There are 2 protein chains.
Amino acid sequence: MRPTVHDIAAEAGVSLATVDRVLNNRPGVRSVTRDKVERAIATLGYVRDVAAANLAKGRSYPLIFILPAGENAFMRGLEAEVRAAMARSPAERTEIALLCVPAFDARALADALAEAHRRRPAGVAVVAIDAPEVTRAVKRLRDDGIVVVTLVSDLPGSARDHFAGVDNIAAGRTAGNLMGRFLGGREGPVAVVAGSMLVRDHRERLEGFEAVLGECFSARQVLPVVEGQDDATLVEKLVAALLERHPDLAGIYSLGAGNRGLVAALERAGRAKTVCAIAHELTPHSRAALLSGTIDVLLNQDAGHEIRSAIRVLKAKADGLPVIEAQERIRIDIFLKDNLPNGQA
Amino acid sequence: MRPTVHDIAAEAGVSLATVDRVLNNRPGVRSVTRDKVERAIATLGYVRDVAAANLAKGRSYPLIFILPAGENAFMRGLEAEVRAAMARSPAERTEIALLCVPAFDARALADALAEAHRRRPAGVAVVAIDAPEVTRAVKRLRDDGIVVVTLVSDLPGSARDHFAGVDNIAAGRTAGNLMGRFLGGREGPVAVVAGSMLVRDHRERLEGFEAVLGECFSARQVLPVVEGQDDATLVEKLVAALLERHPDLAGIYSLGAGNRGLVAALERAGRAKTVCAIAHELTPHSRAALLSGTIDVLLNQDAGHEIRSAIRVLKAKADGLPVIEAQERIRIDIFLKDNLPNGQA
DNA sequence: GAAGTTTTGATGTACGTAAATCAAAAATTT
DNA sequence: AAATTTTTGATTTACGTACATCAAAACTTC
């Protein structure tokens, strides 16, 4: 049977109250006594029953999630996962609120963070934009003891407690490696379509992609990146222009959203099968394009894992508990049409 | 505030005892009364506080894990994760025992299952061998109400409750797709090295691999599979022979263990860079070979996820609770040298 | 060694549920 | 209508921890 507070009180030869004082480091315990108790804890291998402790404390965790608004299917997937987490709230002792702000708008995001601050939650999860006012807003939250986790796109210079997202440089490198190998000896340049260089994840993916092509496939020309604002209509226009200007285009790496536009442009130009397309995020559209062969590889981050991980980390950090980094690592899923899970998304 | 049993008693106009009878379907409640209570539960949106319930019940989950013995690095990784779970036992109310049996020995495995049966655990997790005596042993466990989860390699015809492992057909198909694309127009046949056709996961990977090559890369010759018994020494001999017999060998798919032998043979023959090698499971050796370029792609299943998922499922099923299949899906990790996590394994 | 301070003990209540007991009420049968 | 059975209520204890209160003991300080 696992030891309880009573057992360690008996083992240490002190009262329950003293054990409690040590465990919850309340004042009024001589250091000799404290040592006795701590030795008893060690020898018996006592571990606090977190469930019972939470029950007794009646603790709950008010959390705020801040996501970009708009049509971006991946972000809407994230939102769906946040709502699923809300539905689990009673069981997880969380009280989750959701704020949506215009995409790529640092000012609006900073305002949303200030609003979140006013509500005094235990923690905030935010899809960050890499801008000074955002960094400052995060700092103010942290100064008030509010835990901040960045989601999907990080804010490395800031005081954020944790980043729940993939290693975007590695993602870009992976795309570069696959693109290089898939193209093999085939001629022609490679294009890159991003959402915006304002967000760090897109910058990092580009950096990784270009690095690998430069290192390992230096014969391959990479065209200057174009920014589609994660907007399908704009992306379609841009890709159509690229296809027209470069009849020998060998590949496209779409590292942001708006893949409906990418797929439409490729198919309309009749180049779906000849251009190697690598894109990000599994959505109903990108899934269909992968199965049809228009997209060759999809890199994905599991939205459900990201949200659940963020919540675990927020709760742990709010309690001052350590986080097992290895367990919270968000993996880069690589989907070919052969390993597509047949369920959701 | 979330509703408690008291609230639903008040709402339904019955006593606490009656609510308890309904919640834990104890006998002695008229169906009219039961309906009243259930309506109250629905209108208040009551959700049982599982933590408090477990506390009150003092429930614990005796579980048994059965793994193959031997040098197989992946299996030893699984074992390490089981031991890590044992260390977490006090916090998770589990009591985990570990049995190791000789690999590829159906008889020994059936005996181990019988031994597990004798110990009357709440659940058993087992790396299955696809043999009638194993299926029968699993059936006997199930007939006694013991939950059975297969791990890594499934036993589809059996009564097992759940499979915690990857879709091995998809894994084989993925390997086939990548092999086909990586080789591009290059000449030469492809070899397949398995551990044993006795275990289902190896058979399924082979099936998927051959299917994709047949469907999409039908010009490519696939040599007959050779079985290395997951033994590095044997694998090295077999691969060395393959390399000698086929000077134009373009690729090798190693779908089992013993990759030390694969790497050694390739490097000794000076063919490490010219033969495209795709292998399974991230271990210290395979990781090094991926980084050095001897192995081109590693397919991996996360041992930690598998063990943790198996435990969650065993506990849930032991309580008769539903399992969220999507959440328990084990993903196929595809590692290139660019997206290798820098931590463990 | 008396007064003051700090440390410790004893005890009780609470959290939300499980499970048991016994009495009371309601329904059923005769 | 009495006897019997079934259903319901009231109450208690327990799980392991948190937290508060008050009294008793152990230390200081002068």
Side-chain angles (χ1 to χ4, degrees), chain A residues 1-41 44-61 89-95 318-321, chain B residues 1-41 44-61 89-95 318-321:
Chain A
M1 224 27 215
R2 83 186 265 200
T4 74
V5 278
H6 295 84
D7 299 322
I8 80 171
E11 171 79 16
V14 300
S15 78
L16 219 63
T18 302
V19 174
D20 179 71
R21 288 178 186 117
V22 173
L23 278 176
N24 300 290
N25 41 180
R26 286 184 242 281
V29 184
R30 273 187 306 169
S31 57
V32 257
T33 316
R34 185 173 294 272
D35 282 356
K36 269 199 298 187
V37 174
E38 270 159 3
R39 240 173 299 126
I41 290 175
L44 292 188
Y46 169 82
V47 188
R48 178 198 249 108
D49 183 328
V50 190
N54 281 338
L55 177 59
K57 275 197 281 221
R59 184 144 181 32
S60 92
Y61 303 84
S89 272
E92 298 182 348
R93 303 182 171 277
T94 54
E95 295 159 32
D319 285 340
L321 298 176
Chain B
M1 223 27 217
R2 81 187 263 200
T4 75
V5 278
H6 295 85
D7 299 323
I8 79 170
E11 171 78 16
V14 301
S15 78
L16 218 62
T18 301
V19 174
D20 180 71
R21 290 180 184 115
V22 173
L23 277 176
N24 300 290
N25 41 154
R26 284 184 244 281
V29 185
R30 272 188 306 167
S31 57
V32 256
T33 317
R34 185 173 294 272
D35 283 355
K36 270 200 299 188
V37 173
E38 270 159 2
R39 241 174 297 125
I41 290 175
L44 292 187
Y46 169 82
V47 187
R48 177 198 248 106
D49 184 327
V50 189
N54 282 339
L55 178 59
K57 276 197 281 223
R59 183 139 178 43
S60 92
Y61 303 83
S89 272
E92 298 182 348
R93 302 181 172 277
T94 55
E95 295 159 31
D319 286 340
L321 298 176

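A quick note: this is a predicted structure, and the numbers were derived from the prediction, not measured. Every chain is numbered from 1 and lettered A, B, ... according to where its sequence line falls, protein lines coming before strand lines.
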Looking at [X] and [Y], what are the two nearest heavy atoms and their distance?
{"X": "A:Ala12", "Y": "A:Ala40", "value": "CB-CB, 3.8 Å"}
{"X": "A:Val47", "Y": "A:Arg2", "value": "O-NH2, 2.9 Å"}
{"X": "B:Tyr46", "Y": "B:Ile8", "value": "CB-CG2, 3.8 Å"}
{"X": "B:Arg26", "Y": "B:Arg34", "value": "O-NH2, 3.6 Å"}
{"X": "B:Arg59", "Y": "B:Ala318", "value": "NH2-O, 3.7 Å"}
{"X": "A:Gly28", "Y": "A:Arg21", "value": "O-CD, 4.3 Å"}

Sugar-phosphate or base contact per nucleotide [nucleotides 15-25 of chain D; S, B, -; heavy atom under 4.0 Å]: BBBSB------
Protein-to-nucleotide contact annotation, 5' to 3' order, nucleotides 25-30 of chain C [B base; S sugar-phosphate only; - none; under 4.0 Å, heavy atom]: --S---
A:Tyr61 backbone acceptor or donor facing A:Thr94 side chain under 3.5 Å: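 Not confirmed, A:Thr94 side chain does not pair with A:Tyr61 backbone.
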Partner set under side chain to side chain donor-acceptor pair (under 3.5 Å) for A:Arg30, not counting sequence neighbours: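 Result, side chain to side chain donor-acceptor pair (under 3.5 Å) vs A:Arg30: none returned.
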D:dG9 OP1/OP2 closer than 4.0 Å to side-chain N/O of B:Thr18: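 Checking B:Thr18 against D:dG9: at least one side-chain N or O falls below 4.0 Å of OP1 or OP2.
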